[in-house]
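Here is how names work: the chains are called A, B, and so on, in the same order as the sequence lines, proteins then strands, and each is numbered from 1. None of these values were measured; they are calculated from a predicted model. Just so you know, these numbers use all the heavy atoms, side chains as well, and skip hydrogens, waters and symmetry mates.
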2 protein chains.
Amino acid sequence: MSNLKQLAQSLGLSITTVSRALDGYPDVSPVTRERVREAAALTGYRPNASARRLRKQRAELVAVTLPSDPGHIGPPHFLDMLSGCAEHLATAGLNLVIAPVPRGESELDMCRRFVDGQRVDAMLLVRTKRRDERVEFLQARGIPFVTNGRTESALPHPYLDGDGFAGFQAASLRFHADGHRRIAHIAGPQDYYFAHVRCMGWQAAMEESGLSSELCAEGAPTEQGGYLAALELLRHPRRPTAIVCATDEMAIGALRALREIEGGETISIVGHDDLPTGAYTSPPLSTMRMAGENLGRSFASLLLRAIAGEPSEELQELHPIEFVDRESHRRSPPNA
Amino acid sequence: MSNLKQLAQSLGLSITTVSRALDGYPDVSPVTRERVREAAALTGYRPNASARRLRKQRAELVAVTLPSDPGHIGPPHFLDMLSGCAEHLATAGLNLVIAPVPRGESELDMCRRFVDGQRVDAMLLVRTKRRDERVEFLQARGIPFVTNGRTESALPHPYLDGDGFAGFQAASLRFHADGHRRIAHIAGPQDYYFAHVRCMGWQAAMEESGLSSELCAEGAPTEQGGYLAALELLRHPRRPTAIVCATDEMAIGALRALREIEGGETISIVGHDDLPTGAYTSPPLSTMRMAGENLGRSFASLLLRAIAGEPSEELQELHPIEFVDRESHRRSPPNA
DNA sequence: GTCCATTTCCAAAACGTTTTGGCTTGATCC
DNA sequence: GGATCAAGCCAAAACGTTTTGGAAATGGAC
């Protein structure tokens, strides 16, 4: 509506003075400062965002790219995370834009568009792959970014991740300690870092316990993927007595498979993500979760510090994994 | 990186010509146009977003405000919807920013901030209440917007909604036709339009069938809310034999209550939203859903048409509700 | 050769802010 | 009384685009 020029004219002051008064510069007398502020509040003046952005050479925007597999963008609580992130970014005057990748375009193209048009000050990357071309691109361009999940990039970069290796190792060892000797893993697609590292954690536990690593089935990171993978495992001549699932969604699909197969209810299972729904499945799903609350806020904080120029090495958070014990991890103990 | 001036200089042309060549104006000769385009593609030139926005007086942004109840922002597939919306908006050069409402601030304040700073060209409102101050504000300001869900506003405004009344009426009548005579409703908070209208649909069916409307319990629109409401209903001296739940999340909570109570497994239940998880509950949850695919795209389309100035009356979509029959709606038929 | 129309290009203004580098004014100091 | 200084204000430039209103060159008609 109103702009600085009109406000200045109505006050009989220059644009400069009004601008500086509102920004609290010391070279404006307290009395004029107050006068300006009152007038601004009265007319509901707010600086034009585009103009400020142009002048300050900052987009005041952070983008997060969303993979566009229909139906499954990360875990359902992902939006909560984004929301928390956006909320914290807003306190620094930044807004979060969501940028789904249209079919036929790569996530890299998306990044390029945002970066080259100077549309964003930083980017948030999710679903990192072990070798992630987005990371390489942004590193080359020198654009601040934070990833949700690590990568195998040669150069260090800011990330926030859970220690999936330790988590899945511990979960598998727990099953071993409970007497299980045939412990299976339902793995996610191995080009994703998180899926790979969880699988490695399970494998390490198997080796450590002297157990076989043959009971591993890979599937899509969805209920359907978990369901199919579980069916595959259950076809094995010597069935597993416990299953460690890469995600809760996969675990929920696996639970369905267990219900459909005779004797399936005696098989223990554990997932990862702590989906709200997990408490309401039958049996209630035992699971794991990244420790720490309000992770969105942590992402925002990392982003802001990356924008401020802090070195990448200091912007890496590896959170421990904690167990959420419900019932599915201790069904009838194995007697074989 | 590079800007129009540099590009123009390197080509020995004026800024004007380069700009118009890239925009395909007819007063640039085909040969120079090609020359310019090649150079632009080569250097990866993209116009500075802020500058264009300032000059064109458009923010190229649409905001969606997110209520900040921790843990529950609409149904889990909400992000899919937003993603679809953002994707379609992007084809028109608009980006979608998510704007969670910080504690201590109202959704109205958020709207005001975005609108007065000319940060957005339009807004998307979710979780509409029957009387919604955001709607009133935006109408007064003349800012384009679309709501997810109707309101009781005096003036018409663009919306996209499911016909909850008809859906819940039909679901309740189906139970009646199946022989149920004690049909309960688990309702959401009644100041939300969707919750209110679903409750009304159930009530209408009760009247139509000559049944009592006493079996109604209200709760928070979460698993927990549904769980508690179900427990309340089951304490009634003459239990319901069927329950119509305002949302799937509430229905999933209610299912848990049914499992905990003796004889609960004979009670039929139906939800609304068609959450992916519903197919994996025990029993698989029968539910309802708004007809139409890619609703996000519909939202985007409505937004674009609202920005283009189409009258509100033509931007109202009321989608029918369709049933998704799984198992929970036909447990052992009532014999009382 | 003159005139007109068409093609092709461009200088300058505008969008609304922030920031630089002053300019006045009045007080203080010697 | 002149030099010095601080306080308070401001004109103008800059950010990078789009758009307006021509200007120069070309070609054709007479």
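Under 4.0 angstrom from either OP1 or OP2 of D/dG16 there lies no side-chain N or O belonging to B/Gln6. Contact annotation: B/Tyr25 reaches the phosphate of D/dT19 (side-chain N/O to OP1 or OP2, under 4.0 Å). Side-chain nitrogen and oxygen atoms of A/Gln57 include none within less than 4.0 Å of the OP1 or OP2 phosphate oxygen of C/dT18.
Atom CZ of A/Arg58 has 12 or fewer neighbouring heavy atoms from other residues, nucleotides or ligands inside a 6.0 Å radius. Atom CD of B/Glu293 has 12 or fewer neighbouring heavy atoms from other residues, nucleotides or ligands inside a 6.0 Å radius. The local environment of CZ in B/Arg130 is crowded, with over 12 non-hydrogen atoms from other residues, nucleotides or ligands closer than 6.0 Å.
Summarising the geometry, the separation between CZ on A/Arg35 and C1' on D/dG8 is reported as 13 Å, rounded to the nearest angstrom. The distance from atom CG of B/Leu22 to atom P of D/dT19 is 13 Å, rounded to the nearest whole Å. Straight-line distance from the CZ atom of A/Arg53 to the P atom of C/dC15: 19 Å, rounded to whole Å. Distance A/Arg58 CZ to C/dT19 C1': 16 Å, rounded to the nearest Å. D/dA11 atom P lies 11 Å from atom CD of A/Gln9, rounded to whole Å. The separation between A/Leu54 atom CG and C/dA14 atom P is 17 Å, rounded to whole Å. Atom CD in B/Glu60 sits roughly 12 Å away from atom C1' in D/dT18 (whole-Å rounding).
End-to-end axis angle of the helix from C/dG1-D/dC30 to C/dC30-D/dG1, using five pairs per end and rounding to 10°, comes to 60°.
Between the side chains of B/Ser298 and B/Ser301, no donor-acceptor pair of N or O atoms lies under 3.5 Å. Side-chain contact of A/Ser14 with A/Thr17: a donor-acceptor pair under 3.5 Å is present, judged by distance alone. For the residue pair A/Thr32/A/Ser29, the side-chain donor-acceptor check at 3.5 Å is satisfied.
B/Leu61 CG to B/Phe114 CZ: the interatomic distance, rounded to the nearest 0.5 Å, is 8.0 Å.
Here A/Arg119 pairs with B/Glu60 in a salt bridge; the nearest charged N to carboxylate O distance falls below 4.0 Å.
Near-neighbour residues of DNA chain C inside residues 37-52 of chain B, defined by a heavy atom below 4.0 Å, are absent.
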key: Per-nucleotide protein contact string for nucleotides 7-13 of chain C, where B marks a base within reach and S marks sugar-phosphate only (heavy atoms under 4.0 Å, - for neither)   = -BBBBBB
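Within the 4.5 Å cutoff, no side-chain heavy atoms of A/Arg134 are placed close to those of A/Met123.
In this structure, of D/dG16, D/dT19, D/dT17, it is D/dT17 that holds the atom nearest to the side chain of B/Leu4.
With B/Phe137 as the aromatic partner, B/Arg112 meets the cation-pi criteria of under 6.0 angstrom to the ring centre and within 45 degrees of the ring axis. Because its NZ or CZ atom is both nearer than 6.0 Å to the ring centre of B/Tyr192 and within 45° of the ring axis, B/Arg127 counts as a cation-pi partner of that residue.
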